[in-house]
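Read the structure below first, then the notes.
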2 protein chains.
Amino acid sequence: MAARHEEIADELRRAIDREEYTVGSRLPAETDLAAHYGVSRGTVRQAVAALTAEGLIGSRQGARRVVLASRRSQSFAELRSFAQWARAMGREATGQVIAQEYRPATAEDAVRLQLRAGTPVLHVLRVRGLDGEPVLLERTVYADWISPAVEPIEPDCPSVTQRLYDDTGLVFAYGEHVIDAVAAGAQDADLLSVRRTSPLLRVRRVTTTREGRPVEWSDDRYRSDAVSFSVHNSMDSNALARKTAE
Amino acid sequence: MAARHEEIADELRRAIDREEYTVGSRLPAETDLAAHYGVSRGTVRQAVAALTAEGLIGSRQGARRVVLASRRSQSFAELRSFAQWARAMGREATGQVIAQEYRPATAEDAVRLQLRAGTPVLHVLRVRGLDGEPVLLERTVYADWISPAVEPIEPDCPSVTQRLYDDTGLVFAYGEHVIDAVAAGAQDADLLSVRRTSPLLRVRRVTTTREGRPVEWSDDRYRSDAVSFSVHNSMDSNALARKTAE
DNA sequence: TAGTGGTCTAGACCACGGC
DNA sequence: CCGTGGTCTAGACCACTAC
């Protein structure tokens with residue numbers, strides 16, 4: 001099933017969550033772990049590399065690895081899908097399509113989705129909520145080749161990601177996010193039940209397939225009193241960068 | 001000097017930047033790269049793993065690696081330091097301390113900086129700008145053990161990170177960022193030259209040493225018309241997570 | 001079916017850290 | 001000094017892709 005190094009990484013993560021290894025304490029040496037799990041040192045190194053990338057443990061040449069944190073950051077799957085993220089928190093995701101229509105791709109659409117300008121693309125305006133409370137307004141544009149699979153989905157489908165996976169086998173694999181803050185406009189305020197000019201957290205994102213083919217791009221606006229983003233950085237995974245406005 | 005796998009990773013990054021390998025094209029097979037660079041397959045794999053974590057290339061078992069992007073995301077050093085980030089963009093970073101004083105650590109300070117409540121900690125309010133235009137308001141609290149090195153720094157020092165490295169050898173290695181949006185308060189508006197209630201991008205962050213010891217924590221507020229954040233995700237480095245407000 | 005990446009092994013040497 | 005992690009090698013087998 002899963003690779004041996006993944007099993008070992010999981011066991012170590014669980015041990016840290018159980019506080020068998022407490023924050024600040026040292027992990028056993030690579031050779032000891034290798035002996036304990038009956039694998040070679042290389043396999044152990046694959047496992048601990050995953051935890052290091054997650055920021056769970058730190059390492060310095062010559063010294064034992066140190067446990068840095070116990071709470072795992074959310075998984076990639078939870079990031080990709082609003083519904084999966086909600087479920088992981090024990091809350092119920094809701095969704096409601098407000099408007100849905102085909103429009104010819106603008107120049108911007110064409111660049112972001114890597115298709116020809118004028119190609120009909122599907123625009124969807126969707127409000128999403130946690131336990132019924134609206135927290136997110138999504139303005140999404142789907143590429144022409146995936147639109148036929150999106151169009152027939154029921155307006156109140158709680159997880160579009162899951163539906164697309166079930167129907168087409170599509171897995172969202174890579175994404176680029178640009179995060180800033182905007183004042184709520186009239187439509188934003190109305191649909192999110194906040195006052196006009198309230199600060200909203202805006203995330204503009206492009207989602208692609210595992211092969212790098214763009215699937216959708218979206219302007220997401222979150223109620224900032226309800227949702228925030230958390231980014232963890234380490235020397236190994238430098239995923240966050242500041243950007244100036246164009 | 002640098003490890004061989006890092007040299008190879010650098011060469012591949014440059015080749016992609018030069019568009020020797022264009023977006024969408026395939027990288028040579030691992031065995032070919034190994035032969036070309038005169039190293040073993042394992043070393044090549046270390047190199048391409050770095051590019052994969054950066055989101056530059058994608059891979060699927062059985063198929064050649066594919067080039068996904070050409071522009072590299074900013075380096076970790078640029079993220080950690082406002083001045084280094086500005087310089088990388090060809091702009092000049094400015095800074096001005098507005099207020100600086102010692103206060104006893106609150107319970108929150110004590111938890112975030114892992115020290116005892118009541119310990120005197122250094123609070124610094126600093127405005128930072130790009131080419132003279134204010135874009136960022138930093139409210140930073142420094143741990144007691146680093147405060148003596150921070151206190152004597154000139155109020156208009158453009159790079160505190162660089163000064164601390166020069167003076168004490170301290171390297172910021174890990175950080176946790178929570179990002180949301182807030183409306184500008186009276187002081188925010190005044191110091192950033194924006195109207196009250198303007199949306200600001202807020203980043204609350206904790207910086208630690210490589211060993212995981214907290215150095216400082218800060219409430220940073222960016223003018224959202226001037227700065228945004230960009231996050232790249234891949235299956236390998238899941239650094240971004242949504243968070244609900246507590 | 002041949003090629004390719006994913007996984008794993010069993011060694012080796014070096015640089016750094018802690019005692 | 002000895003233990004540890006960082007690096008590297010030269011092989012092996014398997015699962016999956018592309019043709």
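Here is how names work: the chains are called A, B, and so on, in the same order as the sequence lines, proteins then strands, and each is numbered from 1. Fair warning: this is a prediction, and the values are worked out from it, not measured in the lab.
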Could you grab the distance from atom OG1 of A/Thr52 to atom CZ of A/Arg65, nearest 0.5 Å is fine? 5.5 Å
Checking B/Val206, B/Val160, B/Thr140, B/Ile146 against B/Glu216 for side chain to side chain contact (heavy atoms under 4.5 Å, CB included), the one that qualifies is B/Thr140
Distance col, row A/Leu12:CG vs A/Glu20:CD, nearest 0.5 angstrom, shows 10.0 Å
Hey, does B/Tyr102 have a side-chain heavy atom less than 4.5 Å from the side chain of B/Glu151? yes
Mapping A/Arg65 and B/Val44 to their closest nucleotides on DNA chain D, which lands nearer the 5' end? A/Arg65
At 4.0 Å (heavy atoms only), tell me whether A/Arg4 reaches a base, stays on the sugar-phosphate, or touches nothing. sugar-phosphate
Could you list the protein-to-nucleotides 16-19 of chain D atom pairs, N/O on both sides, closer than 3.5 Å?
unit_1 : atom_1 : unit_2  : atom_2 : d
D/dC16 : O4'    : B/Gln61 : OE1    : 3.2
D/dT17 : O4'    : B/Gly62 : O      : 3.2
D/dA18 : OP1    : B/Arg60 : NH1    : 3.4
D/dA18 : OP1    : B/Arg60 : NH2    : 3.4

Distance check, rounded to the nearest 0.5 Å: B/Ile57 atom CD1 versus B/Tyr21 atom OH? 10.5 Å
Does the A/Gln100 side chain pair with the main chain of A/Leu122, one donor and one acceptor, at a distance under 3.5 Å? no
Within residues 32-43 of chain B: residues closer than 4.0 Å to DNA chain C (heavy atoms): B/Arg41
Side-chain donor or acceptor of B/Arg64 paired with backbone N/O of B/Leu27 under 3.5 Å: yes
Tell me whether A/Arg4 contacts the main-chain N or O of A/Val44 through its side chain, where contact means a donor paired with an acceptor under 3.5 Å. no
Boundaries of the DNA chain C segment in contact with chain B, non-hydrogen, under 4.0 Å: C/dG3 to C/dT7
For residues B/Thr106 and B/Asp109, is any side-chain donor paired with an opposing acceptor at under 3.5 Å? yes
If you measure from the Lys or Arg side-chain nitrogens to the Asp or Glu carboxylate oxygens, is any gap between A/Asp17 and A/Arg14 under 4.0 Å? no
